[in-house]
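Following: one structure in C-alpha cells, then a few remarks.
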Amino acid sequence: MLLFVSVTVLVLLMAAFYSEPGSVQPYREGGAGSFGGRRRGGLTRQQAMNLWVCAGIFTVLSALSACRIASGNDYWVYTGMFDLISQGRHVSSEFGFNALVRVMQFFFGTEGYSYLPIFGLFSLLTVYFFLRSIYEQSDWFLGSLFLFLVNGYYFSSFNSVRYYLVLAVALYSTKYVLRREYLKFVLWILAAAAFHKSVLVVIPLYLGAGWLAGIRLKRRHYVLGALLVLSLLFGRDFYRGIIFRIYPYYENSMFDTVDYSLTNIGKCVGTLALSLLCYKAAVKDDRKNRFYFFLNLGGLVLYTCGAFIPEVSRVAYYLILPQIFLIPSLLRSVGNKVLRHLLTAGTALVFTAYFVLFLRSAYDVNIRLLPYLNWIFN
C-alpha cells in the first residue's frame, strides 16, 4: 500500500510542473495534437517541459505496471491463456489479442518467464493511451491525473489487461467525436474491439452523446430519454436476451446478479450536481463539457436502472471515465475564488477518501492488487 501511495504522490508532484498551454488540446483549431506534436515555429520552452513531465510520468507508471508479477486476480489466468494460444488451442479471447500474443511468443518464446514481455507490452500501451488522452484532452492536467489515479483506474489496469487497454483506447477516441471525425473514431473502436469486443458499445453511446451535445434539447428529446429509462426498467428480459447472445457464458453465472454500485452511483450523482451548479458557466455552451455531461448521465442511468446487466461496470466505465475531464473543467469554471477553492478542496477530500477505501479493498482475494510483487526483487 505504501508503494502505491508513494507512486501516486510522486506522479502528482511531477505533474505540478506541468503548465496549461491552451495550444495542446487537439480538438481546438491550431493545437498541437499529441506527444511531440509541433505548432509552426516549433515547441516553446513550456511545451517542451510539459512533454518531459509526461515522459517522466509515463516512465514511472509503465515501469510499475510492466514489472509486476502475480499482481492481479487474473494474472495466472492470463498466463494460462498464453499457454493455450501457443499450443493453438481454443481460447475465448478476441483474435487481435491472440495474434499479438503469438507475435510476442515468436520473438520471446513460450518457455519460462516468456509471459513477462507480453504483460509488459500491454502495460506500456495502456499507460500510453491513458496518459496521452489526459495530455491532449484535459483542461487541467494535474486535476485529471489526480482523478485518474485516486479513482483506481491506473492500479485496476493491473487486472483485466485486455479490458483496460480498450478502455484507454476508448477514452483516447473521444477526441475524434469532439472533432466530428467519425470515421477515425469508428476505426479506432473497431481496432480496439479486436482485443475486447465490449468496446463496440461506445459507438452508439459516444455518437449519441456527441449528437446531444451539439443540439438544443427539445421536449421530444426528454420524452425519448424517459422512454429509454422506462425500457431499462421494464424491458430487462429483452436486454438480457441481447447480452446473452453476445456473452452466453454470463447467463446463470456468478456474474448474473443485480448489483447496485453505490460508490459509482455516488460519483455520478456528485458529478451531476457539480455540473448543474456550473451549468451556465461551463456546460450550457461548451460542446466538449456537454458531451462529458451526457456520458455521465448515461452512466448514472446504467448504474441505477441497468444494474441487472452482468458486470455492469464493464459498460458503465466507458461512460463515467471521462469524469476525469469534466470535473476539473467544472471546478476551474467557478468564478467565485473562495467557492472554487472550497469545491476543489471538497472534491479532493472525497476522492482521497475513496482512494483509501480502494487501497484497503485491493487486498481482497477477488481483486488481489496488493501485496504488489515484481520480477526484479521477488
Side-chain angles (χ1 to χ4, degrees), residues 1-18 53-79 115-116 119-135 138 140-165 167-168 171 261 263-264 266-267 313 317 320-321 323-324 327-328 345 347-378:
M1 183 182 293
L2 180 61
L3 175 64
F4 283 9
V5 173
S6 300
V7 167
T8 301
V9 172
L10 173 61
V11 167
L12 294 178
L13 287 175
M14 295 170 68
F17 290 94
Y18 185 99
V53 169
C54 288
I57 293 172
F58 173 78
T59 300
V60 172
L61 294 182
S62 60
L64 185 70
S65 179
C67 292
R68 75 188 188 279
I69 188 170
S71 292
N73 65 354
D74 60 356
Y75 189 92
W76 298 118
V77 173
Y78 270 100
T79 60
Y115 54 83
L116 294 178
F119 281 114
L121 177 63
F122 276 91
S123 297
L124 293 173
L125 292 174
T126 302
V127 173
Y128 173 78
F129 279 109
F130 274 132
L131 189 57
R132 180 169 176 175
S133 300
I134 296 172
Y135 171 79
S138 175
W140 182 16
F141 182 83
L142 176 59
S144 294
L145 188 64
F146 170 80
L147 292 175
F148 171 65
L149 292 171
V150 300
N151 273 285
Y153 296 126
Y154 163 68
F155 297 106
S156 294
S157 69
F158 294 4
N159 272 328
S160 303
V161 295
R162 290 185 301 128
Y163 173 74
Y164 274 91
L165 173 60
L167 182 64
L171 185 68
S261 175
T263 54
N264 285 313
K267 290 179 191 179
S313 286
Y317 268 25
I320 69 171
L321 179 57
Q323 289 175 354
I324 69 175
I327 294 174
T347 302
L349 286 174
V350 168
F351 280 103
T352 299
Y354 173 82
F355 186 48
V356 172
L357 295 176
F358 168 79
L359 291 177
R360 291 181 62 184
S361 70
Y363 286 100
D364 188 279
V365 68
N366 293 319
I367 301 175
R368 208 163 59 191
L369 295 176
L370 291 173
Y372 174 83
L373 302 174
N374 65 80
W375 50 261
I376 299 177
F377 300 107
N378 303 108

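Note that the structure is predicted; figures quoted are calculated from it, not measured. By convention here, the first residue in the shown sequence is residue 1.
Note that SG of Cys54 is 4.0 Å distant from CZ of Phe141, once rounded to the nearest 0.5 Å. How far CG of Leu131 is from OG1 of Thr126: 12.5 Å, rounded to the nearest 0.5 Å. From Leu167, atom CG reaches atom OG of Ser133 across 9.5 Å, with rounding to the nearest 0.5 Å. How far OG of Ser261 is from NZ of Lys267: 7.5 Å, rounded to the nearest 0.5 Å. Taken from CD1 in Ile134 to CG in Leu142, the straight-line distance is 10.5 Å, to the nearest 0.5 Å. A distance of 8.0 Å separates OG of Ser71 from CG of Asn374, quoted to the nearest 0.5 Å.
Classified by interplanar angle (parallel below 30°, tilted 30° to 60°, perpendicular above 60°), the ring pair Phe155/Phe4 is parallel. Ring-plane geometry between Phe158 and Tyr154 is classed as perpendicular, the angle between the planes exceeding 60 degrees on a 0 to 90 degree scale with a lower cut at 30.
The ring-ring contact (aromatic ring centres under 6.0 Å, His included) test with Phe148 singles out one residue from Tyr135, Phe129, Phe130, and that residue is Phe130. Remark: of the listed residues Phe146, Phe351, Phe355, Tyr317, Tyr317 is the sole one forming a ring-ring contact (aromatic ring centres under 6.0 Å, His included) with Tyr153.
Closest heavy-atom contact between Val53 and Ala15: CG1-CA, 4.1 Å. When all heavy atoms of Ser65 and Ser123 are compared, the closest pair comes out as OG-OG, 2.8 Å. When all heavy atoms of Ile57 and Met14 are compared, the pair lying nearest together is N-CE, 3.4 Å. Contact detail for Tyr163 and Ser313: the closest heavy-atom pair is OH-O, 3.5 Å. Across Tyr354 and Asn151, no two heavy atoms sit closer than the pair CE2-O, 3.5 Å. The two residues Met1 and Arg360 make their nearest non-hydrogen contact at CE-N, 4.1 Å.
Using a 4.5 Å heavy-atom cutoff, the side chains of Ile69 and Leu116 are in contact. When side chains are defined from C-beta on, Leu370 does not count as touching Leu3, because their heavy atoms never get closer than 4.5 Å. Between Asp74 and Ser160 the shortest side-chain heavy-atom distance falls below 4.5 Å. Here the side chains of Pro328 and Leu147 are in contact, with some heavy-atom distance below 4.5 Å. Side-chain contact check for Tyr115 versus Tyr78: every heavy-atom pair is 4.5 Å or farther apart. Val11 has its side chain within reach of Leu61: a pair of non-hydrogen atoms, C-beta onward, lies under 4.5 Å apart. When side chains are defined from C-beta on, Phe122 does not count as touching Tyr164, because their heavy atoms never get closer than 4.5 Å. Annotation: side chain of Ser361 is in contact with side chain of Ile367 (closest heavy-atom distance under 4.5 Å).
Using a distance-only test at 3.5 Å, with no hydrogens or angles considered, a donor-acceptor pair links the side chain of Asn159 to the main chain of Asn73. Proximity of a side-chain donor or acceptor of Arg368 to a complementary backbone N or O of Val365 within less than 3.5 Å is not detected.
Around atom OH of Tyr363, more than 12 heavy atoms belonging to other residues, nucleotides or ligands sit under 6.0 Å away.
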